[in-house]
Amino acid sequence: MKLNYKRTILCGFAFFLITAFWQAYDATIPVILTNKFGMSQTWSGVIMALDNVLAVFLLPLFGTLSDKCRGKRGKRTPFIVTGTILAAVLLMGLSMVDNAQLKNIADVAKIDDPTALSVVYDAQADVTLQTPEGDKFVLSERYTKEQFTAVRCEVTDPETGKTETNPEYTNYVAPARQAYVAVKTAENSTELIVFVVLLFLLLLSMAVFRSPAVALMPDITVKPLRSKANAVINLMGTAGGILVLVLGMVFATSAVKNALMSYTVYYAVIAGIMLVALAVFVLTVREPKWAAEMQKDSVTYGIEEEETEKGPKRSLTKTEMRSLIFLLLSIALWYFGYNAVTSKYAVYASNILNKDYNTTMLLAQAAAIVAYVPAGMVAGKLGRKKTILGGVVMLATAFGVAAFLRASSPTALMNAMFALAGVGWATINVNSFPMVVEMCSGGDIGKYTGYYYTASMIAQIITPIFSGFLMDQIGETVLFPYAAIFAALAFLTMACVRHGDAKAPAKGSVLEHLDVGD
């Protein structure tokens, strides 16, 4: 019994397009809300949190609905096709509204244009503004009109010849323009209302197929091989994210000079990637056939009894339910720790370590990529629970050591801790989802996939707010102790889990074990 890598990769195209979408969404929507609609960081954060809030309710719902679907294309494929097409169309709809808002603010929409900056200065000269760092200032007390209109978004270092973002621009010009745009948006809020409505529909369309797409892997993979398969799925998702990161570099979406750019072409490319990935998925994945073969193999190997559509579903025993609760609690707890670091480390690195955060975050991601497949293989030898516990120890160790590092500490040590955290996170991530769906019958995989995401999403909603509150009250140095404590708590709850490890298959013939599939 060996994993069919070809089928798993083809199945992974659904996760590939999901990750590609979220990479583009997270990188551009906050910029549009703040720069083009003048929304505050607080309200922008509320809008960005909407996805996680909706996910808590919608992912279990659509996961359960897909369990009950009996279409010719299978249980999950109809949701994946419908959701992807709707998302691609709505994404292009957002770009149209974005362009309409650019017309509304056309008088100040040109970067480095003295005429546009004159309009901003005339409107905001006596208004109290705030820099990204939180410092308040009155524009006219900081600049004359001539000085203000002469500020450019990029400056060239005369010694090195290197072009860099001008801090004067980001600290003073950008907040003034944002305040002006906020006033213009308040005067005519039609585009903002339409944008938010389309955004809500877009998030709804993504929720339609997120759980079904993830549930497809266990549908076509026998239980003992799901950790390995989940590693492949995660690699496919990472590939989608990396592709969009490269596109972001090509389109320079993060450049200050492009803060008011049109996203029509960029979104068209993202939508095209999603539709191409969907086409590959639809043309190659044979969900009903592969799911039936998985069920047959599971019965043959003695992993589970044959299920019928009309037969009763297996209910969890009392000890299994207890294990599921502890497992979901563990998932929430390690997300509390890990997501706090990923959402707050950029600020921490700048204020506490005086270091660039990009390198350490990139190292963590690279380490996770390298660890995905080995983590699945290790679980096949040691079991998922022991492997996850090892990953939690790595995570807690990395965060615990990082808590003592400061600006004078060796940069290499912080990089090493983030690499260790990346390996630990990959080890946890690859094996935790298979443990959740291991406990359910085949007819409930979508519902249990929703449970998994509900646990993680609740943590991702709360922990940025809670950790931020503690950083404000106690100090920013509380970040890594906070993360280490939650990782340690996750170890304790995970130790209480007694079910979810892969059941060893019954011994077959030698030839049977050599069968690799197509």
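Each residue takes its place number in the sequence, starting with 1. If you're wondering where the values come from, they're calculated on a predicted model, not measured in any experiment.
In this structure, Ala483 and Val341 approach most closely via the heavy-atom pair CB-CG2, 3.6 Å. Considering all non-hydrogen atoms of both residues, Asp67 and Lys447 come closest at OD2-N, 2.8 Å. Nearest approach of Glu320 to Met439, heavy atoms of both residues: O-SD, 3.8 Å. Nearest heavy-atom pair, Ala455 versus Ile331, reported as atom, atom and distance to 0.1 Å: CB-CG2, 4.1 Å. Contact between Phe79 and Phe209 at its shortest, heavy atoms only, is O-CB, 3.1 Å. Taking every heavy atom of both residues into account, Ser467 and Pro464 meet most closely at OG-O, 3.5 Å.
Among the candidates Arg384, Arg498, Lys385, the single residue satisfying the salt bridge (charged side-chain N to carboxylate O under 4.0 Å, His left out) test with Glu438 is Arg384. The only member of Arg286, Lys289, Arg76 that meets salt bridge (charged side-chain N to carboxylate O under 4.0 Å, His left out) when paired with Asp219 is Arg76.
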Report task. Begin from the C-alpha positions of Val373 and Leu235 and carry the test side-chain contact (heavy atoms from CB on, under 4.5 Å) through to its verdict. Result -> CA-CA 8 Å; Val373 174; Leu235 284 174; 3.5 Å; yes
**Report entry** Check against salt bridge (Lys or Arg N to Asp or Glu O under 4.0 Å), Arg7 and Glu293
**Finding:** CA-CA 12 Å; Arg7 290 187 178 183; Glu293 290 177 1; 2.7 Å; yes
Report task. List the steps and the verdict of side-chain contact (heavy atoms from CB on, under 4.5 Å) for Tyr345 and Leu353. Result -> CA-CA 10 Å; Tyr345 181 67; Leu353 301 178; 3.5 Å; yes
Requested in this report: Using the side-chain contact (heavy atoms from CB on, under 4.5 Å) rule, take Trp290 and Asn4 through it: C-alpha gap first, then chi angles, then the decisive distance, then the call.
Outcome: CA-CA 11 Å; Trp290 296 354; Asn4 189 317; over 6 Å; no
Query raised in the report: Step by step, would you call Met236 with Ile233 a side-chain contact (heavy atoms from CB on, under 4.5 Å)?
Result: CA-CA 5 Å; Met236 289 293 292; Ile233 297 296; 5.5 Å; no
Query raised in the report: Are Ser262 and Asn99 close enough, and set up right, to give a side-chain hydrogen bond (donor to acceptor under 3.5 Å, both in side chains), and what steps lead you there?
Result: CA-CA 6 Å; Ser262 169; Asn99 286 337; 2.8 Å; yes
Query raised in the report: Yes or no on ring pair (Phe, Tyr, Trp, His ring centres under 6.0 Å) for Phe480 and Tyr348, after CA distance, side-chain angles and deciding distance?
Result: CA-CA 10 Å; Phe480 281 103; Tyr348 185 93; 5.1 Å; yes
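A donor-acceptor pair is defined here as one N or O able to donate and one able to accept, closer than 3.5 Å; no such pair exists between the side chain of Glu287 and the backbone of Gly74. Panel note: side chain Asn230, backbone Asn429; a donor-acceptor pair is recorded below 3.5 Å. Put simply, the side chain of Thr84 never gets that close to the backbone of Val81: no donor and acceptor are under 3.5 Å apart. Judged by distance alone, the side chain of Ser211 and the main-chain N or O of Leu59 form a donor-acceptor pair under 3.5 Å. Counting only distance, with no hydrogens or angles, the side chain of Arg73 and the backbone of Val282 share a donor-acceptor pair below 3.5 Å. Side-chain atoms of Thr463 never come within 3.5 Å of backbone atoms of Gln460 as a donor-acceptor pair (strictly under, hydrogens ignored). Between the side chain of Thr454 and the backbone N or O of Val56 there is at least one donor-acceptor pair closer than 3.5 Å.
By the 4.5 Å heavy-atom criterion applied to side chains, Leu216 and Ile220 are counted as neighbours. Contact of the Leu86 side chain with the Val208 side chain is not registered, since no non-hydrogen atoms from C-beta on lie closer than 4.5 Å. For the pair Leu333 and Phe491, the minimum side-chain heavy-atom distance is 4.5 Å or more. Residues Pro434 and Pro218 have side chains not in contact (no heavy-atom distance under 4.5 Å, counting atoms from C-beta outward). Two residues are said to be in side-chain contact when any heavy atoms from C-beta on lie closer than 4.5 Å; Ile273 and Leu247 meet this criterion. Within the 4.5 Å cutoff, the side chain of Leu199 has heavy atoms near those of the Ile47 side chain. In this structure the side chain of Met494 reaches within 4.5 angstrom of the side chain of Val497, judged on heavy atoms. No side-chain heavy atom of Phe15 sits under 4.5 Å from any side-chain heavy atom of Met217.
Note: Phe486 and Tyr482 meet the aromatic proximity criterion, with ring centroids under 6.0 Å apart. The six-membered or imidazole ring of Phe281 lies away from that of Phe13, with a centre-to-centre distance of 6.0 Å or more.
Sorted by first and then second residue, the side-chain hydrogen bond (donor to acceptor under 3.5 Å, both in side chains) pairs involving residues 323-336 (not counting sequence neighbours) are Ser330-Thr493. Applying the ring-ring contact (aromatic ring centres under 6.0 Å, His included) test to every pair with at least one member in residues 217-257, sequence neighbours left out, gives these pairs: Phe251-Tyr266.
Side-chain contact annotation: Asn258 with Thr253, donor-acceptor N/O pair under 3.5 Å absent. Side-chain contact, Asn431 with Ser227: a donor N or O sits under 3.5 Å from an acceptor N or O. A donor-acceptor contact closer than 3.5 angstrom is absent between the side chains of Thr221 and Arg226.
Aromatic ring pairs are classed by plane angle as parallel below 30°, tilted from 30° to 60° and perpendicular above 60°; the pair Tyr452 and Phe433 is perpendicular. The aromatic rings of Tyr263 and Tyr267 sit parallel, their planes meeting at an angle under 30°, below the 60° perpendicular limit.
Other residues, nucleotides and ligands contribute over 12 non-hydrogen atoms within 6.0 Å of the CE atom of Met48.
One distance of note links CD1 of Ile85 with CG of Leu275; it measures 7.0 Å at 0.5 Å rounding. For the atom pair CD1 of Ile352 and OG of Ser409, the computed distance is 11.5 Å after rounding to the nearest 0.5 Å. Rounding to the nearest 0.5 Å places CD1 of Ile29 at 9.0 Å from CG of Asp26. Here OG1 of Thr64 is found 7.5 Å from CG of Asp444. Values are rounded to the nearest 0.5 Å. With rounding to the nearest 0.5 Å, the separation of CE in Met261 from CG in Asp98 is 9.0 Å. Note: Thr387 OG1 to Met377 CE = 13.0 Å, rounded to the nearest 0.5 Å.
Within the cation-pi definition used here (under 6.0 Å to the ring centroid, within 45° of the axis), Arg210 qualifies as a partner of Tyr453.
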